[in-house]
Amino acid sequence: MAALRRVIAPKRFSRRMREAARRLEPSFLTPLLVIVLATVADILDPRLEFYRFFGVPPALAAAMFSVAGTVGIGLLAMAASFGLAAAHNGLGQTPSTFTLLVVGGVTVAAAYASRMRQHRERTLAEVRAVSETAQRVLLRPVPHRLGPVDVEVLYQAAAAQARIGGDFYEARQTRHGVRLIIGDVRGKGLPAVEVASMMLSSFRVHVRDAPDLPDLARRLETDMNYYCEDESVPGDDALERFITALIIEIPAGEPVARLVNCGHPPPLLLHGGEVREVEPSAPSPPVNMAALLGDDYHVDTVAFTTGDRLLLYTDGVSESRDGAGSFYPLADRVRQWAWAPPRELLDHLHEDLRAYVVGVRDDDLAALAAQRVAPAGTVSGRER
């Protein structure tokens, strides 16, 4: 128990410090400032009847203070109004009485509004906590080092306040080498999140056992078919759902990378300061489209030596637009960071995208950078 108290006490202290800092924000002085200014102005020139502004402070307090604080501001405003009426010998006059009644009514309404606001804030905090937990379950943090490969990720959901979306990624070390996946679910919102969750679960189950990338892609296809056949999934929606995905294998014993591109934007290979797109030699069907397009999955092999980097991304990156409607020139922009390590590369990309895009982003984006840091044949790390 003592150890538990030592853990909890700093958290409580930190929370109290944040609350104290919040109370001291300049905006929280606005209701008091209105009371002071209205009082001073009314004393200087009673004819202008500045006491009528005393209904404003409790209304402002409702957006900032707790119920008790809002009521306190309202009582303070009523006390100031009462004092001014007494100073002007007007306690029994109808305007003074009416002003007190108005301020009292506004205070009651403001206290109720404050209570509702606090309830909404608590609900929003709980929803955000659930969202963050869901993100940690779905998009688990990727280890920075997997065998001979350094891996870094960038993720941003399009929905305001959202932490997760229809884009997904994963990286695992297996006996076949480091295997990566990045994908994009057709559609947005909770249905896309559900499909992304299913695909990640399927990848995590099969990534170690699949003997090669085509077999892994077929297993993902099969699981997606089972998912769409589930009676709880609406039939029309199921028929329209598909996922573009890029699956990569980086074996520890060979200076190569193997790729299966299932309708996904081609990755960029950064080698010796040069940047080139790795287009598939033959198309492979997006997930849940094999019944229509066939289940031939083609593997492309590219040289991937020490220091080389692969940049995987979703169309939320490549199809970002500027104010003129032009697509983001990803390959051209990346050339200026061709020598940057993965984390620095993604940080540059993120900042550049934020400067390039005008307005609100309407699509999720994800990017994954992988760099071989050990010569082929060197294995550092363990299979996860």
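- Proximity of S326 to Y356: side-chain heavy atoms (C-beta onward) are separated by under 4.5 Å at one or more points.
- Within a 6.0 Å sphere centred on CZ of R115, other residues, nucleotides and ligands contribute 12 heavy atoms or fewer.
- For the residue pair D215 and H206, no side-chain donor N or O sits within less than 3.5 Å of a side-chain acceptor on the partner.
- Within 6.0 Å of atom CD in E274, 12 or fewer heavy atoms from other residues, nucleotides or ligands are found, so the atom counts as exposed in its surroundings.
- Judged purely by distance below 3.5 Å, without hydrogens or angles, the side chains of D300 and S281 pair a donor atom with an acceptor atom.
- Contact check for I250 versus F304: side-chain heavy atoms found under the 4.5 Å cut-off.
- N225 and T222 form no side-chain donor-acceptor contact under 3.5 Å, judged by distance and modelled atom types alone.
- The shortest distance between side-chain heavy atoms of F53 and L37 does not fall below 4.5 Å.
- Here the closest non-hydrogen pair linking P266 and N261 is CA-ND2, 3.9 Å.
- Looking at R172 and E170, a side-chain N of the basic residue comes within less than 4.0 Å of a carboxylate O on the acidic one, giving a salt bridge.
- Under the 4.5 Å side-chain heavy-atom criterion for grouping Ile, Leu, Val, Met, Phe, Trp and Tyr, V302 is connected to V299 within one hydrophobic cluster.
- The hydrophobic clustering, which links ILVMFWY residues whose side-chain heavy atoms are closer than 4.5 Å, places V260 and V256 apart.
- In terms of hydrophobic clustering, with Ile, Leu, Val, Met, Phe, Trp and Tyr side chains grouped at heavy-atom distances under 4.5 Å, L292 and F242 are assigned to a common cluster.
- The hydrophobic cluster containing Y227 does not contain V205, counting ILVMFWY residues as joined when their side-chain heavy atoms lie under 4.5 angstrom apart, directly or transitively.
- Looking at D184 and T244, their side chains never bring a donor and an acceptor atom within 3.5 Å of each other.
- Between R218 and E221 no salt bridge is recorded (no basic side-chain N to carboxylate O distance below 4.0 Å).
- Criterion: ILVMFWY side-chain heavy atoms under 4.5 Å apart, direct or through other members. Under it, F327 and V275 are not part of a common hydrophobic cluster.
- Remark: R219 does not engage D223 in a salt bridge, criterion side-chain N to carboxylate O under 4.0 Å.
- Although no hydrogens or angles enter the test, the distance criterion places no donor-acceptor pair under 3.5 Å between the side chain of R145 and the main chain of V151.
- Contact annotation: the side chain of L259 never approaches that of I247 to less than 4.5 Å [non-hydrogen atoms, C-beta and beyond].
- For R333 and D352, the salt-bridge test passes: some basic side-chain N is under 4.0 Å from an acidic carboxylate O.
- Looking at L216 and I181, their side chains never come closer than 4.5 Å, going by heavy atoms from C-beta outward.
- Judged by distance alone, the side chains of H144 and E152 do bring a donor and an acceptor atom under 3.5 Å apart.
- The structure places OG of S318 at 8.0 Å from NE2 of H264, a figure rounded to the nearest 0.5 Å.
- Taken to the nearest 0.5 Å, the CZ atom of R372 stands 8.0 Å off from the OG1 atom of T305.
- The aromatic rings of H348 and W337 lie parallel to each other, their planes meeting at an angle below 30°, with 60° marking the opposite boundary.
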